[in-house]
Student: 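Would you mind keeping the following structure in view while I ask a few things?
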There are 2 protein chains.
Amino acid sequence: MPARSEREIQLSASEDWCVLNEVDLSQVEQHSVERLYQTGEALFREGDAVKGVYYVQSGLVGVRKADPYGNPTLLKLAWPGDTLGYRPLLANQCHRASAEAFRKGVVCFVDSKTVLQLIEATPALGLNFLKRAAKELGDAEQRFHDSVTLDMRTRFAHLLLVMQQQQKYVRGDSDGSAELLLPISRSDIAAMLGVRRETVSRAIRVLEESGVAYFSQRQVLVPDPASLTKTLIR
Amino acid sequence: MPARSEREIQLSASEDWCVLNEVDLSQVEQHSVERLYQTGEALFREGDAVKGVYYVQSGLVGVRKADPYGNPTLLKLAWPGDTLGYRPLLANQCHRASAEAFRKGVVCFVDSKTVLQLIEATPALGLNFLKRAAKELGDAEQRFHDSVTLDMRTRFAHLLLVMQQQQKYVRGDSDGSAELLLPISRSDIAAMLGVRRETVSRAIRVLEESGVAYFSQRQVLVPDPASLTKTLIR
DNA sequence: GGATGGCTGTGACCTAGGTCAAATCGGGCA
DNA sequence: TGCCCGATTTGACCTAGGTCACAGCCATCC
């Protein structure tokens with residue numbers, strides 16, 4: 001039994017790539033490059049031709065879009081285990097967003113040809129991407145609907161809830177209160193909600209005045225998480 | 001050589017289903033039901049379990065979402081040749097939007113089991129859906145970005161441009177002007193843009209006052225289509 | 001320590017678009 | 001023809017969030 005590299009082990013643990021067998025995995029191993037990205041470094045930019053996909057091994061990557069006037073939107077965050085860039089590859093388009101390391105981390109690059117061959121050889125991999133795309137499509141449509149239907153305070157509460165549920169930066173306390181560490185800056189929160197920095201600041205003040213959540217730098221204390229949901233409903 | 005039904009011919013001409021062979025097509029034929037929908041009739045509703053996919057043969061279908069307070073958004077229009085409902089089927093979710101006939105037309109229903117079997121047997125079909133999902137995902141992200149970045153007038157001009165390019169209701173004149181027939185009501189345009197009916201009316205007035213486009217019921221005359229693009233850029 | 005520069009919070013003010021209520025228009029129909 | 005009804009337009013008014021300008025804050029680097 002051949003030794004499996006760290007990377008192979010990581011890939012086989014991912015939700016998308018886990019369907020690959022030993023042979024396929026070693027093929028990925030051969031045709032992929034891993035690289036350490038520094039905070040702020042770009043993986044790819046909007047408009048670039050698609051050369052392959054990016055598998056996030058560690059760190060945190062943000063996917064942004066900006067209009068010609070520079071207004072940025074943050075479309076999503078990619079955590080370790082997530083794969084980026086498969087969408088434009090399969091849709092045969094250029095990158096329609098930019099990806100940038102939000103903190104130092106290792107990202108593994110697999111070139112297009114290899115990905116397409118793998119999907120050919122192992123349809124289940126394509127099916128996994130299909131399922132993921134289907135799910136993300138639903139989320140994207142929901143986001144559009146929300147951005148148009150809900151006010152920003154509600155969307156903010158929703159975002160906090162999601163970040164809490166990701167359980168990636170959460171600590172529950174015995175008294176039912178929850179503490180979370182936001183992975184991103186105020187500007188980036190604003191970019192996710194599609195509003196301005198200042199509006200986020202004002203929302204934070206309102207949340208604190210009404211006792212729903214307390215912010216200190218990137219730490220958030222939510223005495224009663226259920227009240228977040230209530231903010232949602234109102 | 002067996003006679004091919006009208007439906008088989010239609011399916012084999014569709015962008016998604018064209019990869020199916022004769023055998024597969026006759027399997028679809030056996031496991032599908034076609035039905036005439038009257039204007040306003042629902043194909044499925046948000047929250048319904050997914051029973052299968054819908055292939056639009058004729059007419060026009062609108063995909064909507066509404067929040068608990070009744071604010072509707074129109075996510076997209078499905079024209080003949082489009083397939084609806086594959087997203088939640090593949091993501092294994094309930095319907096996250098409702099679909100409704102905007103005008104009388106025939107829709108062919110294929111049950112989930114058959115679709116999944118077909119994808120299993122003909123991975124190319126799955127790949128087609130994957131490509132479509134990938135493309136729609138990109139569009140949805142663009143829409144979110146636009147809804148947050150661009151003002152409604154710009155989005156309206158954009159929508160007119162898209163409807164013109166769909167060439168489904170367009171007539172170009174020798175002098176370079178274009179005439180198009182909007183397939184939907186003002187309320188529905190508003191729902192696509194994520195604004196209120198009244199705001200669309202006001203935008204129409206502005207467009208007419210600035211000579212960019214003239215509206216009469218659902219007919220639109222655009223003397224100089226290039227000026228629409230300019231409206232976009234401003 | 002002090003200077004520099006990126007974040008963040010605040011206040012004053014403004015505008016796009018929402019809300020509400022009242023016309024107006026067009027078509028179908030008795 | 002006159003009436004009714006839904007779709008559309010219009011006007012008056014209001015509010016969420018954008019804009020601009022400036023002031024803390026914190027970390028880093030001399």
Side-chain angles (χ1 to χ4, degrees), chain A residues 38-40 62 66-67 69-74 100 102-104 145-159 181-210 213-220 231 234, chain B residues 39-40 62 66-67 69-74 100 102-103 145-159 181-210 213-220 231 234:
Chain A
Q38 296 300 328
T39 303
D67 70 9
Y69 301 92
N71 298 313
T73 338
L74 186 51
E100 178 191 319
F102 272 20
R103 61 172 82 115
K104 216 165 73 173
H145 186 252
D146 286 354
S147 79
V148 136
T149 300
L150 274 34
D151 66 1
M152 77 80 50
R153 211 117 38 84
T154 311
R155 271 145 55 212
F156 189 22
H158 196 94
L159 182 63
L181 192 57
L182 299 174
I184 54 175
S185 71
R186 301 286 133 107
S187 305
D188 287 325
I189 292 174
M192 290 206 85
L193 299 172
V195 298
R196 302 286 153 187
R197 253 174 41 254
E198 295 93 322
T199 307
V200 173
S201 287
R202 292 187 243 272
I204 285 175
R205 193 164 31 150
V206 173
L207 284 179
E208 289 189 332
E209 278 168 7
S210 58
Y214 300 92
F215 296 74
S216 160
Q217 321 277 58
R218 290 188 175 191
Q219 295 187 69
V220 189
T231 312
R234 189 190 48 80
Chain B
T39 302
D67 71 8
Y69 300 92
N71 296 314
T73 336
L74 186 52
E100 178 191 319
F102 272 19
R103 61 172 83 115
H145 185 252
D146 286 354
S147 78
V148 135
T149 299
L150 274 34
D151 67 359
M152 78 80 50
R153 211 119 34 88
T154 311
R155 272 145 53 213
F156 188 23
H158 196 96
L159 181 63
L181 192 56
L182 299 175
I184 54 176
S185 72
R186 300 287 133 109
S187 305
D188 287 326
I189 291 174
M192 290 206 86
L193 298 172
V195 298
R196 303 284 154 190
R197 253 173 33 258
E198 294 93 321
T199 307
V200 173
S201 286
R202 291 188 243 273
I204 285 175
R205 193 165 31 151
V206 172
L207 284 179
E208 290 189 330
E209 278 167 7
S210 57
Y214 300 92
F215 296 74
S216 162
Q217 321 278 60
R218 291 188 176 191
Q219 294 186 71
V220 189
T231 312
R234 191 192 46 80

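Not measured: the values here are computed from a predicted model. In the text below, chain A, chain B and the rest are named by the order of the sequence lines, each starting its count at 1.
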Student: Okay, side chain of Ser185(B), backbone of Asp188(B): is any donor-acceptor separation there less than 3.5 Å?
Tutor: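 Looks like yes, one N/O pair under 3.5 Å.
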Student: Using whole Å, what does the distance between atom P of nucleotide dG17(D) and atom CZ of Phe156(A) come to?
Tutor: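 After rounding, the reported distance stands at 13 Å.
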Student: When we call it a touch if two heavy atoms are under 4.0 Å apart, what does Ser201(A) touch: a base, just sugar-phosphate, or nothing?
Tutor: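 Base: the residue Ser201(A), judged by heavy atoms under 4.0 Å, touches a nucleobase.
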Student: Without swapping roles, check the side chain of Glu208(A) against the backbone of Ala213(A) for a donor-acceptor pair under 3.5 Å.
Tutor: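 No; judged by distance alone, with no hydrogens or angles, the pair does not exist.
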Student: Return the set of residues passing side chain to side chain contact (heavy atoms under 4.5 Å, CB included) with Glu209(B) (not counting sequence neighbours), or none when no residue passes.
Tutor: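 In terms of side chain to side chain contact (heavy atoms under 4.5 Å, CB included), with neighbours along the sequence ignored, Glu209(B) is linked to Arg205(B).
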Student: Where each residue is assigned the nucleotide of DNA chain C containing its nearest heavy atom, which of Phe215(A) and Val148(A) is assigned the position nearer the 5′ end?
Tutor: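 Here Phe215(A) is the residue nearer the 5' end.
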Student: Expressed in angstrom and rounded to an integer, what is the separation of Leu207(B) atom CG from dT9(D) atom C1'?
Tutor: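 Going from Leu207(B) (CG) to dT9(D) (C1'), I get 15 Å.
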Student: Table please: side-chain donor-acceptor pairs of residues 194-201 of chain A below 3.5 Å, with sequence neighbours left out.
Tutor:
| unit_1 | atom_1 | unit_2 | atom_2 | d |
| --- | --- | --- | --- | --- |
| Arg196(A) | NH1 | Asn71(A) | OD1 | 3.2 |
| Arg196(A) | NH2 | Asn71(A) | OD1 | 3.1 |

Student: Heavy atoms, side chains only, cut-off 4.5 Å: are Arg186(B) and Ile204(B) in contact?
Tutor: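 A side-chain contact exists here, since the closest heavy-atom pair is under 4.5 Å.
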Student: Could you check how far CD of Glu208(B) sits from C1' of dT9(D), rounded to whole Å?
Tutor: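 My rounded result for the distance is 11 Å.
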Student: Does any part of the side chain of Gln217(B), heavy atoms only, come nearer than 4.5 Å to the side chain of Leu182(B), both counted from C-beta?
Tutor: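 A side-chain contact under 4.5 Å is absent here.
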Student: Below 3.5 Å is the cut-off: list the nitrogen or oxygen pairs between protein and nucleotides 23-29 of chain C, distance only.
Tutor:
none

Student: Going by the rule salt bridge (Lys or Arg N to Asp or Glu O under 4.0 Å), which residues pair with Asp146(B) if we only count those two or more places apart in sequence or in a different chain?
Tutor: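 Result, salt bridge (Lys or Arg N to Asp or Glu O under 4.0 Å) vs Asp146(B): none returned.
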Student: Near DNA chain D, under 4.0 Å by heavy atom, which residues of residues 185-195 of chain A?
Tutor: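 Gly194(A), Val195(A) - these, ordered by number, are the residues of the stretch whose heavy atoms sit under 4.0 Å from the strand.
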Student: Atom CZ of Arg205(B) to atom C1' of dT9(D): distance rounded to whole Å?
Tutor: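 So the two atoms are 8 Å apart, to the nearest Å.
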Student: From CG of Asp151(A) over to C1' of dG17(C), roughly how many Å is that when rounded to an integer?
Tutor: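 Rounding to the nearest Å, CG of Asp151(A) and C1' of dG17(C) are 14 Å apart.
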Student: Between dT19(C) and Arg196(B), is there an OP1 or OP2 to side-chain N/O distance shorter than 4.0 Å?
Tutor: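 Answer yes for this pair, as a side-chain N or O of Arg196(B) is under 4.0 Å from OP1 or OP2.
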Student: Identify each atom pair where a protein N or O and an N or O of nucleotides 20-22 of chain D are less than 3.5 Å apart, giving names and distance.
Tutor:
| unit_1 | atom_1 | unit_2 | atom_2 | d |
| --- | --- | --- | --- | --- |
| dC20(D) | N4 | Glu198(A) | OE2 | 3.2 |

Student: Quick one: does Thr149(B)'s side chain have a donor or acceptor within less than 3.5 Å of a partner on His145(B)'s backbone?
Tutor: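 Judged by distance alone, yes, a pair lies under 3.5 Å.
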Student: Which residues satisfy the side chain to side chain donor-acceptor pair (under 3.5 Å) test with Thr39(A), sequence neighbours excluded?
Tutor: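 Expected list: none.
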Student: Is there a donor-acceptor pair under 3.5 Å between the side chain of Ser210(A) and the backbone N or O of Val206(A)?
Tutor: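 Between the backbone of Val206(A) and the side chain of Ser210(A) there is a qualifying donor-acceptor contact (under 3.5 Å).
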Student: Would you mind reading off the distance between Arg218(A) atom CZ and dC7(C) atom P, rounded to a whole angstrom?
Tutor: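 Rounded to whole Å, this separation is 9 Å.
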Student: Expressed as a whole number of angstroms, how long is the span from Leu182(B):CG to dA7(D):C1'?
Tutor: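 Value for this atom pair: 14 Å.
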Student: For residues Leu207(A) and Phe156(A), determine if any side-chain heavy atom of one lies less than 4.5 Å from a side-chain heavy atom of the other.
Tutor: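 Result yes, sub-4.5 Å side-chain heavy-atom pair found.
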